[in-house]
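Here is the naming used below: chain letters follow the sequence lines, and residue numbers restart at 1 for every chain.
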2 protein chains.
Amino acid sequence: MVARTDAIFRKLGAYTTLGPQEAAMLETLQGARTFVAAGKELIYEGQQQHAAYILHDGWTCAYKRLRDGARQIVEIEIPGDFIGLRSLLLRNSDQSVVALTNVEVSKINTDRLWEAFRLTPRLIMTLLWAASRDEAMVTEHLVCVGKRDAMARTAHFLLELGARMELIGLGSATTYRCPLSQSIVADAVGITAIHLNRVLRHLRESDLLLFRDGVVTFLDRDRLAQLTDFDFTYMDHLKPG
Amino acid sequence: MVARTDAIFRKLGAYTTLGPQEAAMLETLQGARTFVAAGKELIYEGQQQHAAYILHDGWTCAYKRLRDGARQIVEIEIPGDFIGLRSLLLRNSDQSVVALTNVEVSKINTDRLWEAFRLTPRLIMTLLWAASRDEAMVTEHLVCVGKRDAMARTAHFLLELGARMELIGLGSATTYRCPLSQSIVADAVGITAIHLNRVLRHLRESDLLLFRDGVVTFLDRDRLAQLTDFDFTYMDHLKPG
DNA sequence: ATGAAGCACTAATTTAAGTTAATATCGAAT
DNA sequence: ATTCGATATTAACTTAAATTAGTGCTTCAT
């Protein structure tokens with residue numbers, strides 16, 4: 001039995017309270033916890049078998065690669081997040097997932113998922129809600145990349161990550177540990193690593209935020225939010241209906 | 001009883017065959033068909049009630065607006081598509097949907113949805129699959145906007161729309177009717193309308209495609225696909241698992 | 001200890017896209 | 001008829017970001 005302080009419970013519990021039956025089902029849905037080294041692929045684009053995981057510790061990212069080698073990072077997963085939930089429904093996975101740090105995951109047992117569909121529909125609804133919420137973040141990400149300049153995108157990206165880290169108890173309003181390299185962040189916000197570096201310098205020199213030694217520190221979160229149109233209640237809007 | 005040539009059946013039927021029971025349930029899930037005039041909002045961001053529709057005729061788009069008035073179009077819906085399926089699960093809708101032409105829609109009856117959950121789980125799985133497929137397109141859209149230049153984005157966008165139109169029997173390999181204004185396309189691919197106009201001219205002068213008088217014509221689809229990394233089998237990858 | 005590799009950082013230059021400004025066309029409304 | 005608004009179009013100019021070309025700093029393996 002896993003403690004209810006586990007990130008997945010923190011994440012789901014922020015919106016709905018799972019009954020003991022549902023919590024138990026969530027446990028049985030998972031295989032044994034395994035460790036995966038940084039750099040290893042958990043899911044690759046075009047993969048035939050359906051694999052989905054719950055991320056317990058460490059960070060991963062989902063990305064797509066273009067023929068010319070360029071890579072767009074679609075989302076970053078932090079503890080408590082699901083990995084590859086969507087690929088359960090599609091024939092092939094449409095994106096790759098790689099471990100950005102050493103991670104601890106548990107595989108979702110697909111067979112029992114259909115059983116859960118019958119026995120604990122409320123749990124399934126909660127999972128669907130979590131998937132919807134993640135998709136809403138991808139949409140927000142698209143808006144960012146499509147309509148904001150490099151600085152706003154970067155700040156928005158780091159603010160959102162901070163809000164998510166805070167939600168699972170791994171960050172405060174002013175700081176959180178962020179193991180991403182500048183080139184990962186650049187591929188996520190859709191600019192070059194070199195330009196990201198300039199942007200970070202600009203943010204630093206404007207006393208807005210610091211990103212150094214794997215730590216993000218917000219110096220003026222209000223001004224940042226203003227600057228980037230970030231809505232701190234936006235996570236709340238995504239509560240279950 | 002609606003003919004099986006309806007776009008929604010064409011869309012779902014391209015991947016799975018609905019049994020008579022499931023088809024009947026799909027019918028009862030829908031309210032009466034209604035007409036909505038071009039320019040009317042079907043769903044607005046922050047809306048409290050959950051509304052979802054099936055689009056039978058005409059085009060709509062889902063978009064988000066920034067404080068500065070800029071608008072990012074997240075996806076275009078054509079006949080046979082669902083509208084606002086995700087907002088059924090979240091407390092507030094996270095995006096707006098507007099009719100781009102006069103449209104015909106039917107509202108999805110939420111109450112019966114839970115009934116359908118029990119009685120025709122396979123239909124629900126099909127709907128979830130359709131939702132996943134749409135989300136995969138949003139992801140593809142994000143990659144496009146994040147990592148491709150204006151010409152590749154534009155061509156990719158028009159190729160994808162063409163493939164979707166062909167799928168529901170409203171287009172051929174070389175041409176389809178497209179009622180979008182240049183400024184709508186620009187907001188979708190994340191460039192200014194003026195720059196889109198330049199890009200379209202360039203595509204025209206390169207004998208790649210024409211977009212005139214509400215009609216898109218591909219002059220050299222192979223070269224376009226090559227140029228934009230478009231994968232014609234990509235829709236197939238999204239079949240149900 | 002010593003390269004090699006990866007990451008962070010900077011400056012100079014080029015290019016793609018945005019901005020401003022203006023004209024043309026068409027249909028709808030008065 | 002003609003004024004208005006939306007859409008499409010083009011050119012001139014500006015700006016943001018990419019590209020190219022480096023430097024310095026760790027860490028890690030030999």
**OP:** Please tell me which of His195(A) and Glu205(B) maps to the more 5' nucleotide of DNA chain D, matching each residue to the nucleotide holding its nearest heavy atom.
**Re:**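 Result: Glu205(B).
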Got a salt bridge between [X] and [Y], using NZ or NE/NH1/NH2 to carboxylate O under 4.0 Å?
| X | Y | answer |
| --- | --- | --- |
| Arg86(B) | Asp134(B) | no |
| Asp6(A) | Arg33(A) | yes |
| Arg164(A) | Asp81(A) | yes |

Original post:
How would you label the contact of Ile194(A) with the nucleic acid (heavy atoms, under 4.0 Å): base, sugar-phosphate, or nothing?
Top reply: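 Base contact - Ile194(A) has a heavy atom under 4.0 Å of at least one base atom.
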Subject >> Side chain of Arg201(B) - closest among dA17(C), dA8(C), dA11(D) >> reply: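 Nearest nucleotide to the side chain: dA11(D).
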Original post:
Quick one: which of dA8(D), dA18(D), dA8(C) gets closest to the side chain of Ile191(A)?
Top reply: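 Nearest listed nucleotide: dA18(D).
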Original post:
For the base of dA8(C), is there a side-chain donor-acceptor partner from Arg198(A) under 3.5 Å away?
Top reply: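 Result: no qualifying N/O pair found.
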**OP:** Please check the phosphate of dT9(D) (OP1 and OP2 only) for any side-chain N or O of Asn197(B) closer than 4.0 Å.
**Re:**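 Answer is yes, contact under 4.0 Å.
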Original post:
OP1 or OP2 of dG18(C) less than 4.0 angstrom from a side-chain nitrogen or oxygen of Thr192(B), does that happen here?
Top reply: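 For Thr192(B), the contact criterion (side-chain N or O under 4.0 Å from OP1 or OP2 of dG18(C)) is met.
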Starting at atom [atom1] of [X], determine the distance to atom [atom2] of [N], rounded to an integer number of angstrom.
| X | N | atom1 | atom2 | value |
| --- | --- | --- | --- | --- |
| Arg148(B) | dA16(C) | CZ | C1' | 17 Å |
| Arg212(B) | dT25(C) | CZ | P | 15 Å |
| Ile184(A) | dG6(C) | CD1 | P | 13 Å |
| Lys147(A) | dA17(D) | NZ | P | 14 Å |
| His202(B) | dA16(C) | NE2 | P | 10 Å |
| Leu100(B) | dA6(D) | CG | P | 16 Å |
| Leu200(A) | dT10(C) | CG | P | 10 Å |
| Leu196(B) | dT19(C) | CG | P | 15 Å |

Original post:
Judged by atom type as modelled, is there a donor-acceptor pair below 3.5 Å linking the side chain of Tyr176(B) to the main-chain atoms of Leu158(B)?
Top reply: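 Yes, because the side chain of Tyr176(B) sits within donor-acceptor range (under 3.5 Å) of the backbone of Leu158(B).
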Original post:
What heavy-atom pair brings Leu85(B) and Ala131(B) nearest, and what distance separates the two atoms?
Top reply: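 Distance-wise, the nearest heavy atoms are CD2-CB, 3.9 Å.
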